[in-house]
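This chain uses plain numbering: 1 for the first residue, then up along the sequence. Bear in mind the structure is a predicted one, so any value in this text is a computation, not a measurement.
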Amino acid sequence: MTITTMLAPPMPRAPAVARPVDGGSEAHPRSGSDARGGSDARGGAHARPDAGAVADVSDALTAARDALAAVPREVQVFRALDDAELLDLTRLAADEVRLAQLHVSLLAGEIARRSAPELGHSGLAQRTGHRTPEEMVRVTTGTRVADARTAVRVGTTVGGETPTPLGDAVLAGTVSVAVADAVRTGLGRVGGGCQMVCVRGVGFLRKEDTDDHDRQGSSSAAAA
């Protein structure tokens, strides 16, 4: 049995940022423990990437929020659009939503990493008074429980130590957070007769590509 998943149009891709490691040599952002925040016990003090890269993320997200806040909201402006303009702007707005969901998922995945069950009360969520990383994301973002769980699931997939086709597709903007979560949870629930899912623009993803992440998130999801 094969599931074919329809995708949203690709989003604009962000330029890859090479982070200096060991005296300036470049490393792929997903390569090695240093590029992923160190090889410590997850929630503890860990090596940071280049300070400029961290500042760039903060500045870019702040600028994006401010730019969106400056978009006109008068109903008359939207009523004055012709049909083509209306559809074009609807697509642009959808891109904004998908990019925002991707950023929240990346952050939620890191919250989950720092709140791993094996860290006990020293985990980020637990030591700040939250039972689970999903609960921490829900409170921090003001979203629904379902949205927080989606963000953590997809963020865990994207932020796993071993890259997967699904995680790479999410980062590239080929697969939206919503589609990635549908693929991931769908593969986790079907029986052994369904081993692959066909994602247009990505190819076939094996069930094994998401199994490790399902196991990583099962404890916290059950407690949420």
Side-chain angles (χ1 to χ4, degrees), residues 3 5-8 11 30 36-37 41-43 57 61 64-65 93-191 194 196-197 199 202 205-224:
I3 302 173
T5 301
M6 301 301 292
L7 304 181
M11 296 181 291
R30 301 196 66 167
R36 301 199 62 81
R42 291 191 179 186
V57 171
L61 285 178
R65 180 203 60 192
D95 282 344
E96 294 167 0
V97 171
R98 288 196 290 272
L99 285 167
Q101 289 174 337
L102 171 56
H103 296 143
V104 171
S105 293
L106 286 168
L107 296 165
E110 181 60 17
I111 288 174
R113 188 186 77 87
R114 299 186 189 191
S115 308
E118 59 266 27
L119 296 176
H121 291 294
S122 65
L124 176 59
Q126 293 80 359
R127 73 172 184 266
T128 53
H130 303 284
R131 292 187 304 112
T132 65
E134 289 85 356
E135 176 65 12
M136 185 175 192
V137 171
R138 184 193 68 78
V139 172
T140 302
T141 60
T143 56
R144 303 177 307 159
V145 172
D147 295 330
R149 288 175 175 169
T150 294
V152 168
R153 282 194 296 262
V154 176
T156 301
T157 297
V158 172
E161 294 297 330
T162 303
T164 65
L166 182 58
D168 289 343
V170 173
L171 285 175
T174 309
V175 174
S176 69
V177 168
V179 169
D181 193 50
V183 170
R184 188 177 178 281
T185 55
L187 287 175
R189 291 173 182 171
V190 296
C194 180
M196 308 184 80
V197 59
V199 179
V202 180
L205 301 178
R206 296 175 302 155
K207 182 175 184 295
E208 290 81 354
D209 289 334
T210 59
D211 279 347
D212 288 342
H213 301 296
D214 286 335
R215 285 190 286 271
Q216 291 172 9
S218 60
S219 298
S220 56

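- Within the 3.5 Å criterion, the main-chain N or O of Ser122 finds a donor-acceptor partner in the side chain of Arg127.
- Distance check: Arg184 CZ to Thr156 OG1 gives 6.5 Å after rounding to the nearest 0.5 Å.
- Ala112 and Pro133 make their closest contact through CA-CB, 3.7 Å (heavy atoms, listed as atom of the first residue, atom of the second, distance).
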| message | Between Val175 and Val183, does the side chain to side chain contact (heavy atoms under 4.5 Å, CB included) criterion hold? Intermediate values first, please. | response | CA-CA 10 Å; Val175 174; Val183 170; 5.7 Å; no
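- Ser115 approaches Ile111 most closely through the heavy-atom pair OG-O, 2.7 Å.
- A salt bridge between Asp95 and Arg98 is present, with a side-chain N of the basic residue lying under 4.0 Å from a carboxylate O of the acidic one.
- Contact detail for His130 and Glu135: the closest heavy-atom pair is ND1-CG, 4.0 Å.
- Applying side chain to side chain contact (heavy atoms under 4.5 Å, CB included) to Val152 and the options Val137, Thr157, Asp147 leaves one that passes, Val137.
- Scanning both residues, Arg114 and Leu119, for their nearest heavy atoms gives O-CD1, 3.4 Å.
- Between Glu134 and Arg138 there is no salt bridge, since none of the side-chain N atoms of the basic residue sits less than 4.0 Å from a carboxylate O of the acidic one.
- Considering CG of Leu106 and CG of Leu171, their distance stands at 6.0 Å, rounded to 0.5 Å.
- Under the side chain to side chain contact (heavy atoms under 4.5 Å, CB included) test applied with Val177, the options Val158, Val97, Thr150 reduce to a single match, Thr150.
- For Thr140, the side-chain contact (heavy atoms from CB on, under 4.5 Å) partners two or more places apart in sequence, or in a different chain, are Met136.
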